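To start, the structure under review is shown below, and the notes come after it.
From a predicted model like this one, the values you see are computed outputs, not experimental measurements. Sequence lines set the chain letters: A, B, ... in the order given, protein chains first and strands last, and positions in each chain run from 1. Computed from heavy atoms alone, side chains included, the values below leave out hydrogens, waters and symmetry copies.
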Protein chains: 2
Amino acid sequence: MPEFLYNNKLYYNPVEFAMDRIGGTWKMPILWRLKNRIMRFGELRKDIPHITDKMLTSQLRQLEAEGFIHREVYPVVPPKVEYSITPKGKTAIPIIETIRNYGLELMKKEGIRTK
Amino acid sequence: MPEFLYNNKLYYNPVEFAMDRIGGTWKMPILWRLKNRIMRFGELRKDIPHITDKMLTSQLRQLEAEGFIHREVYPVVPPKVEYSITPKGKTAIPIIETIRNYGLELMKKEGIRTK
DNA sequence: AGAGGTACTAACTTTTTGGAAAGTATTAAT
DNA sequence: ATTAATACTTTCCAAAAAGTTAGTACCTCT
């Protein structure tokens, strides 16, 4: 196992590294929504059920810091901030799709229906 | 977003469901090692750096409970228990591979070398 | 009698993640 | 003067995931 350090955190394998970038409860839902359009903070919040302001802000910041999304601030009042996906962010989309389809497959096997 | 309940836990999307089955720090490393051979508890422990007895046991139990692996106990002393992957478990392998390759790609972009 | 091997199990602590609720800044509209 | 709008920030708290340490059962071998 190729274990390594990055930003003072120890990773045991590439899977862990990938999941640290795009895993967690909210990052994939966010990237998924930005995949082919620009969205404002408020739009994302309305579109992602149950997410809180704090979680949305912190996840957007992390995604930005790691180059998956771009944050454009307009100096107006009230504030306007637009989020868009970057080329790097786009590379995550097929991965998310793969995992999503796998999830659907597992759900089907368990007989889960979402109505 | 198709939100749903399963075993008293609320899921917001299929990605979350999938990651609950095969995510976390240890499940993919375990499945990865079982992908084409049967292994004993002690072998897995030796092969997966940093994992503790507790984590190995609990993750194996969860994987078994969800049908990804099979647990075969031999009534001998000292104890002998063999773990193998099931057909359902095998369906996870390509997903793990996809995520793993994506992790490697991201690592490359960041210039991470594991020597 | 004591040590060694295997696969756990239990109790406890720490770390990480996420959530709730309230507050901030600025300006325009009423 | 107060409210509304937008995009946050802050503090405090709870739950979940993971780690540490120690111990168990059983038999064999020395």
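Here the range on DNA chain C touched by chain B, meaning any atom under 4.0 Å from one of its heavy atoms, is C:dG5 to C:dA11.
For A:Val81, the side-chain contact (heavy atoms from CB on, under 4.5 Å) partners two or more places apart in sequence, or in a different chain, are A:Arg71, A:Val73, A:Tyr83. Residues passing the salt bridge (Lys or Arg N to Asp or Glu O under 4.0 Å) test with B:Glu72: none are found, sequence neighbours excluded. Not counting sequence neighbours, the partners of A:Leu10 by the side-chain contact (heavy atoms from CB on, under 4.5 Å) test are A:Glu3, A:Leu5, A:Tyr12. Considering only residues two or more places apart in sequence or on other chains, B:Lys35 meets the salt bridge (Lys or Arg N to Asp or Glu O under 4.0 Å) condition with none of them. For B:Thr57, the side-chain hydrogen bond (donor to acceptor under 3.5 Å, both in side chains) criterion is met by no residue, not counting sequence neighbours.
Residue contacts for B:Arg45: at a heavy-atom cut-off of 4.0 Å it reaches no nucleic acid atom on any strand shown. Residue B:Tyr74 is classed as having no contact, given no heavy-atom separation below 4.0 Å to the nucleic acid.
Sorted by first and then second residue, the salt bridge (Lys or Arg N to Asp or Glu O under 4.0 Å) pairs with a member in residues 102-112 of chain A read A:Glu105-A:Lys109, A:Glu110-B:Lys88; sequence neighbours excluded. Within the structure, the side-chain hydrogen bond (donor to acceptor under 3.5 Å, both in side chains) test picks out the following pairs touching residues 36-46 of chain B (sequence neighbours left out): B:Arg45-B:Asp53.
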Would you be so kind as to tabulate the donor-acceptor pairs closer than 3.5 Å made by side chains of residues 61-68 of chain A, with sequence neighbours excluded?
from    : atom 1 : to      : atom 2 : distance (Å)
A:Gln62 : OE1    : A:Lys27 : NZ     : 3.0
A:Glu66 : OE2    : A:Arg21 : NH1    : 3.3

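Grouped by direct or indirect side-chain proximity (heavy atoms under 4.5 Å, Ile/Leu/Val/Met/Phe/Trp/Tyr only), B:Tyr74 sits with B:Val76.
Rounded to 10°, the angle separating the first-five-pair axis and the last-five-pair axis of the helix from C:dA1-D:dT30 to C:dT30-D:dA1 equals 30°.
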Heavy-atom protein contacts under 4.0 Å, nucleotides 13-30 of chain D, coded B base, S sugar-phosphate only, - none: -----BBB-----BS---

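The structure places CE of A:Met55 at 10.0 Å from CD1 of A:Ile30, a figure rounded to the nearest 0.5 Å.
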